[in-house]
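All heavy atoms count here, side chains included; hydrogens, waters and symmetry mates do not. For reference, positions follow the sequence shown, starting with 1.
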Amino acid sequence: MYDAIHGVPRPGLPSLRHANEILRHFRHGNAAVAGIMGQRVVGLANYYTGGRGQSEAWLHGLAVDPDVRRQHVGTHMLGFILDHMKSSGASICKLESLPEAVGFYEANGFREHDETDDVNRLMTYSF
């Protein structure tokens with residue numbers, strides 16, 4: 001699944017071909033979301049809200065199958081996640097984005113910070 005969504009295998013991560021592998025990969029956040037079209041999983045996301053009273057939430061990953069990109073799957077998933085974060089008491093959502101996804105996140109209300117590394121971009125969304 002990861003290979004299909006991202007187009008290439010990522011070092012250190014399993015090739016997610018089975019549901020058990022998907023669940024193991026996304027166990028580190030306190031919530032996971034799947035985008036489904038018909039009988040097919042076309043998107044996955046993992047996020048952490050920190051629980052009630054915690055103001056900072058993190059989006060750990062959002063991936064959409066290349067075959068259905070630009071059909072608003074990622075936008076709908078992100079909207080669901082942000083609504084859940086806000087209802088959990090978060091006032092800010094943070095994420096690290098690959099450079100090629102920065103435009104997607106900016107179009108959905110995130111802003112990029114100056115303190116970024118050579119690969120990922122730190123972005124935040126304020127509720």
| task | Kindly indicate whether the side chain of Leu98, heavy atoms from C-beta on, has any atom under 4.5 Å from the side chain of Asn120. | result |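 They are in contact (side-chain heavy atoms under 4.5 Å apart), so the answer is yes.
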
| request: Name all residues meeting the side chain to side chain contact (heavy atoms under 4.5 Å, CB included) criterion together with Phe127; count only those two or more places apart in sequence or in a different chain, and write none if there are none. | output: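 Once residues adjacent in sequence are excluded, the partners of Phe127 under the side chain to side chain contact (heavy atoms under 4.5 Å, CB included) criterion are Leu82, Met85, Lys86, Ala90, Cys93, Tyr125.
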
| field | Results of side chain to side chain contact (heavy atoms under 4.5 Å, CB included) for Ile92 - residues two or more places apart only | value |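 Counting only residues at least two positions away or on another chain, Ile92 forms a side chain to side chain contact (heavy atoms under 4.5 Å, CB included) with Glu56, Lys94, Thr124, Ser126.
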
| message | Between Thr75 and Phe104, is the side-chain contact (heavy atoms from CB on, under 4.5 Å) condition met? List the steps. | response | CA-CA 8 Å; Thr75 299; Phe104 166 78; 3.6 Å; yes

| Is the His84 ring parallel, tilted or perpendicular to the Phe80 ring (thresholds 30°, 60°)? |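 Correct class here is parallel.
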
| query | What class does the angle between the rings of His60 and Tyr48 fall in, given that below 30° is parallel, 30 to 60° is tilted and above 60° is perpendicular? | reply |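 Ring orientation of His60 relative to Tyr48: tilted.
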
| message | Given 3.5 Å as the limit, does a donor-acceptor pair link the side chain of Arg69 with the main chain of Val64, or not? | response |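 Present.
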
| message | Which residue in the set Ile81, Leu44, Asn46 passes side chain to side chain contact (heavy atoms under 4.5 Å, CB included) when paired with Leu62? | response |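 Testing Leu62 for a side chain to side chain contact (heavy atoms under 4.5 Å, CB included) against Ile81, Leu44, Asn46 leaves exactly one candidate, Ile81.
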
| message | Quick check: closest heavy atoms across Phe110 and Leu95, and the distance to 0.1 Å? | response |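 That would be CE2-CD2, 3.4 Å.
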
| task | Identify the two heavy atoms, one from Gly43 and one from Met77, that lie closest to each other, and give their separation to 0.1 Å. | result |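 Answer, listing the atom of Gly43 first, then Met77: C-CE, 3.7 Å.
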
| task | Output, in order, the C-alpha distance, side-chain angles, deciding distance and verdict of side-chain contact (heavy atoms from CB on, under 4.5 Å) for Leu78 and Leu59. | result | CA-CA 9 Å; Leu78 184 59; Leu59 177 59; 3.8 Å; yes

| Of all residues at least two apart in sequence or in a different chain, which pass the salt bridge (charged side-chain N to carboxylate O under 4.0 Å, His left out) check with Arg40? |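 Per chain and number, Arg40 pairs via salt bridge (charged side-chain N to carboxylate O under 4.0 Å, His left out) with Asp65, Asp67.
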
| query | Arg121 and salt bridge (charged side-chain N to carboxylate O under 4.0 Å, His left out): which partner among Glu112, Glu106, Glu100, Glu96? | reply |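 Of the listed residues Glu112, Glu106, Glu100, Glu96, the salt bridge (charged side-chain N to carboxylate O under 4.0 Å, His left out) partner of Arg121 is Glu112.
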
